[in-house]
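Everything below concerns the one structure shown next.
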Amino acid sequence: MRTGLCGEVGLDDVGARVRLCGWVARRREHGEHLAFVDLRDRSGIVQCVVDTSVDLRSEYVVCVSGVVRRRPEGMENPNLETGEVEIGDCTVEVLSVAEPPPFLVEDRADVEEAVRLRHRYVDLRRPRMQANLRLRATVVSAIRRAMERQGFCEIETPLLWSPTPEGAREFAVPSRLHPGTFYVLPQSPQIAKQLLMVGGVDRYYQIARCLRDEDLRADRQFEFTQLDMEASFVTQDDVLGFVSEAVLDAAEAATGSRPPAIEQMSWAEALDRYGTDKPDLRIETAIVDLGEVFASSEVRALAAPAVKGLRVRGGSGTSRAALDALVERAKALGARGLAWFRVNEREGGGGSSLDSPLARVLSEEEREGLLRATGAAPGDLVLVVADEHRTACTVLGQLRVELAAKPVGEGPHRYVWVVQFPLFEAIGADGHPAAAHHPFTMPHPDDLDRIETDPLSVRSQAYDLVLNGWELGSGSVRIHRADVQARVFKALGVSDEDAESRFGFLMNAFRYGAPPHAGFAFGIDRLVAVLAGEESIREVVAFPKTQSGSDPLTGAPKPLPVSSLAELGIRIAGR
RNA sequence: GGACCUGUGGUGCAGCUCGGAGUGCACGCCGGCCUGUCAAGCCGGAGGUCGCGGGUUCAAAUCCCGUCAGGUCCGCCA
């Protein structure tokens, strides 16, 4: 039907007769017998010179036949990829007429989300969305090739799975053949892939759809896509290598340049220096320890298990009102308080002076120590939190991001592996710690003997992949030994009966010869969003849900007819 | 479950503090003019349940309460 794509016509084609199909993006008419029609398809836009009288409106679908010619001197359009040529001697066939679109099909049109989603098929015609969808395909393709090259085997796992309440809320699917019982849609293929390892698959991967019935966010949809992988007879470093290869290949395919090898950082260091387990390394400043500086301080506000500081470059101009707001913000984040120091040029030059309510009560050594430790210079602002170690770090970490946050599309892509997560999180109301990753995560071999005596100090062999402050994914070396698993379950307060009813089939499988195995999963939507410079993964999903989980295009979710409910053995409460 | 922002012709906004006739801007749309435009230009025109419901008031887009929708975030997301 066509000889090529609109966006690919160039000087090489001058003189060629072409047939192009697409949508009428714009038309500029000059009297009855001259019109410039911008024809758009997925590849871009090309100008067609139409000198016959045809009624062409926005978004009509047309087929244009004509001859590629160089534009007359001075008539080139440098803003257009195809701006040096145009299609002349055009005959136009209208394939489909169109009503005026609900909004302009152009990138610069800023339209409310609900309107875009209701007419997503129009929205998707915009160059930005076309580029995002194709970028996503490029990324997925590169990942597949990297995994295949490394000997991984793509295997599909069931969408209709067994309820194994474990963390995220699951979507339930009623069984028609067994009324009153349910399948669930998988939060991830976690257990299935571990069964595959027992099944001798050795190296599994899947571009897997995962479903979690949790509240939505800019970086969270009910359905999302992960590169899910698992391998047997491998170490943590092997897994990091496999995934790095896939991610770097994908980044290279997407951006044209290969990022440097992905660095590693311990979870403890991430907390200490960035106050979070997903540090945004584009922001230069890190949190510094001021414990020594204020070790013997007389200032009561700074007496605490930990004193941490953050330099805010160029922040000395921050107004008193804004500083008060920062203090309030720090308190809202859980800190006892927040001390601030505006760093100014010392009167008469030479050195720095501190402007702060605390400046007078600090000793000379403390003032100098503060400046030295933070590296602050005149023009900067220094924020200090004295509190429990974790609180001091997380509060300053949050302020660091809020004060210096960069748009997703700005700056380099800084990948980092965060390793050596703790095995357990804080003791819960039931007197037991919670699994930081999941209950099948292998403890760090050096920490095995502390599972019972000091569980919170036990490190795990779990790891996260972080990109510019976005958690892309996580994984771990799994427990394959029944004795270790039993100890971890015991520490978590999971009874034998509990373990049997929730994970019995996995534990059973392990009795028949479980290889040591480890794996990882990362969110492709998030990776693509960052690579595309988009703030929300909705921009890289063809048909996303709104924040309240509805789809303005289809109207989902909707009630089912009573007859359907009856067949499923379901009665809606309160009717 | 909670906090905040937004909702005004098809689209994006202004108007809202301090109530006084649906007032304005840009784009789009319709008609006319126009043979080198390219976010074409010029002239003319149409298009509104100010999200919805209630309250206050002589009078509500504007103030108050509720509610719905979209967004950002907290909780949640092993």
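The figures here come from the full heavy-atom set of this structure, side chains too, leaving out hydrogens, waters and symmetry mates. Every chain is numbered from 1, with letters handed out A, B, ... down the list of sequences.
Under the Watson-Crick or G-U wobble criterion, with both distances below 3.5 Å, B/A61 is left unpaired in every strand shown. Across the strands present, B/G22 finds no partner; the criterion is a Watson-Crick or G-U wobble pair with both atom distances under 3.5 angstrom. Of the nucleotides present, B/C29 is the one that pairs with B/G45 by Watson-Crick or G-U wobble criteria, both distances under 3.5 Å. Base pairing of B/A40 is not made with any nucleotide, judged by Watson-Crick or G-U wobble geometry with both donor-acceptor distances under 3.5 Å. Pair assignment for B/G66 gives B/C52, based on Watson-Crick or G-U wobble hydrogen-bonding distances that are each under 3.5 Å.
A donor-acceptor contact under 3.5 Å is formed by the side chain of A/Gln47 with the base of B/U37. Taking only distance into account, the side chain of A/Arg116 never meets the base of B/G10 through a donor-acceptor pair shorter than 3.5 Å. A donor-acceptor contact under 3.5 Å is formed by the side chain of A/Arg71 with the base of B/C38. Remark: the A/Glu76 side chain and the B/G36 base include no donor-acceptor N/O pair separated by less than 3.5 Å.
Counting any heavy atom pair closer than 4.0 Å across all strands shown, A/Arg69 reaches a base atom. Among the heavy atoms of the strands lying under 4.0 Å from A/Pro102 are primed sugar atoms or P, OP1, OP2 only; no base atom is included. In this structure, A/Glu402 reaches neither bases nor backbone, as no heavy-atom distance under 4.0 Å exists between it and the strands shown. Here A/Asp110 lies in heavy-atom contact (under 4.0 Å) with sugar-phosphate atoms only. Within 4.0 Å of A/Ala434, counting heavy atoms only, lies no atom of the nucleic acid at all.
Here the P atom of nucleotide B/G70 and the CZ atom of A/Arg538 are 11 Å apart, to the nearest Å. The separation between A/Glu328 atom CD and B/C74 atom P is 19 Å, rounded to whole Å. A/Leu216 places its CG atom 15 Å from the C1' atom of B/G75, with the value rounded to the nearest Å. Spacing between atom CZ of A/Phe103 and atom C1' of B/C27 amounts to 14 Å, rounded to whole angstrom units. Atom CG in A/Asn77 sits about 9 Å away from atom P in B/C38, given to the nearest Å. Atom CZ of A/Arg220 is separated from atom C1' of B/C74 by 11 Å (rounded to the nearest Å). Per the geometry, CD belonging to A/Glu113 stands 5 Å off P belonging to B/G71, to the nearest Å. Distance, A/Arg118 CZ to B/G70 P: 10 Å, rounded to whole Å.
Of the charged side-chain nitrogens involved, at least one lies within less than 4.0 Å of a carboxylate oxygen, so that A/Asp55 and A/Arg57 count as a salt-bridged pair. Looking at A/Glu214 and A/Arg220, no side-chain N of the basic residue comes within less than 4.0 Å of a carboxylate O on the acidic one, giving no salt bridge. Ion pair A/Arg69/A/Glu86 flagged as a salt bridge, since at least one NZ, NE, NH1 or NH2 atom sits closer than 4.0 Å to an Asp/Glu carboxylate oxygen. We find that A/Arg282 and A/Glu410 are not joined by a salt bridge, their nearest charged nitrogen and carboxylate oxygen being 4.0 Å or further apart.
Phosphate contact (OP1/OP2 of B/A40, side-chain N/O of A/Arg26, threshold under 4.0 Å): present. Remark: A/Ser58 is in phosphate contact with B/C29, judged by side-chain N or O atoms under 4.0 Å from OP1 or OP2. Between A/Ser548 and B/C68 there is no side-chain N or O to OP1 or OP2 distance below 4.0 Å. In this model, the phosphate group of B/C30 is approached by a side-chain N or O of A/Arg57 to a distance below 4.0 Å at OP1 or OP2.
Of the C1' atoms belonging to B/C4 and B/G20, the separation is 32 Å, rounded to the nearest Å. Using atom P as the reference point in both B/G54 and B/G2, the two lie 25 Å apart (nearest Å). Of the C1' atoms belonging to B/U62 and B/C50, the separation is 10 Å, rounded to the nearest Å. Going from the C1' atom of B/G45 to that of B/G9 covers 14 Å, rounded to whole Å. Atom P of B/C18 sits at a distance of 24 Å from the matching atom of B/U23, rounded to the whole Å. Nucleotides B/U6 and B/U17 place their P atoms 14 Å apart, quoted to the nearest Å. B/G44 sits 36 Å from B/C63 when the P atoms are compared, rounded to a whole Å. B/G47 and B/C29 are spaced 9 Å apart, taking the C1' atom of each and rounding to whole Å.
Nearest-nucleotide positions on RNA chain B place A/Thr546 closer to the 5' end than the other of A/Thr546 and A/Arg212. Toward the 5′ end of RNA chain B lies the nearest nucleotide of A/Gly83, the other residue of the pair A/Gly83 and A/Gln190 mapping further downstream.
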For A/Thr157 and A/Asp228, what are the C-alpha separation, side-chain angles and deciding distance, and is it a side-chain contact (heavy atoms from CB on, under 4.5 Å)?
-> CA-CA 11 Å; A/Thr157 53; A/Asp228 190 54; over 6 Å; no
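Contact check of residues 27-45 of chain A against RNA chain B (heavy atom, cut-off under 4.0 Å) returns A/Arg27, A/Arg28, A/Glu29, A/His30, A/Gly31, A/Leu34, A/Phe36.
From A/Leu227, atom CG reaches atom CG of A/Leu527 across 10.0 Å, with rounding to the nearest 0.5 Å.
Considering only the side chain of A/Gln547, B/G71 comes nearest among B/G12, B/G71, B/U37. Listed candidates were B/G36, B/C77, B/C29. Nearest to the side chain of A/Pro72 is B/G36.
In this structure, a donor-acceptor pair under 3.5 Å is absent between the side chains of A/Gln194 and A/Glu230.
Shown here is A/Glu59, whose CD atom has more than 12 heavy atoms of other residues, nucleotides or ligands within 6.0 Å. When the shell of 6.0 Å around CZ of A/Arg390 is examined, it contains 12 or fewer heavy atoms from other residues, nucleotides or ligands.
In summary, of the residues considered (A/Tyr204, A/Trp417, A/Tyr205), a ring pair (Phe, Tyr, Trp, His ring centres under 6.0 Å) with A/Phe520 occurs for A/Trp417 alone.
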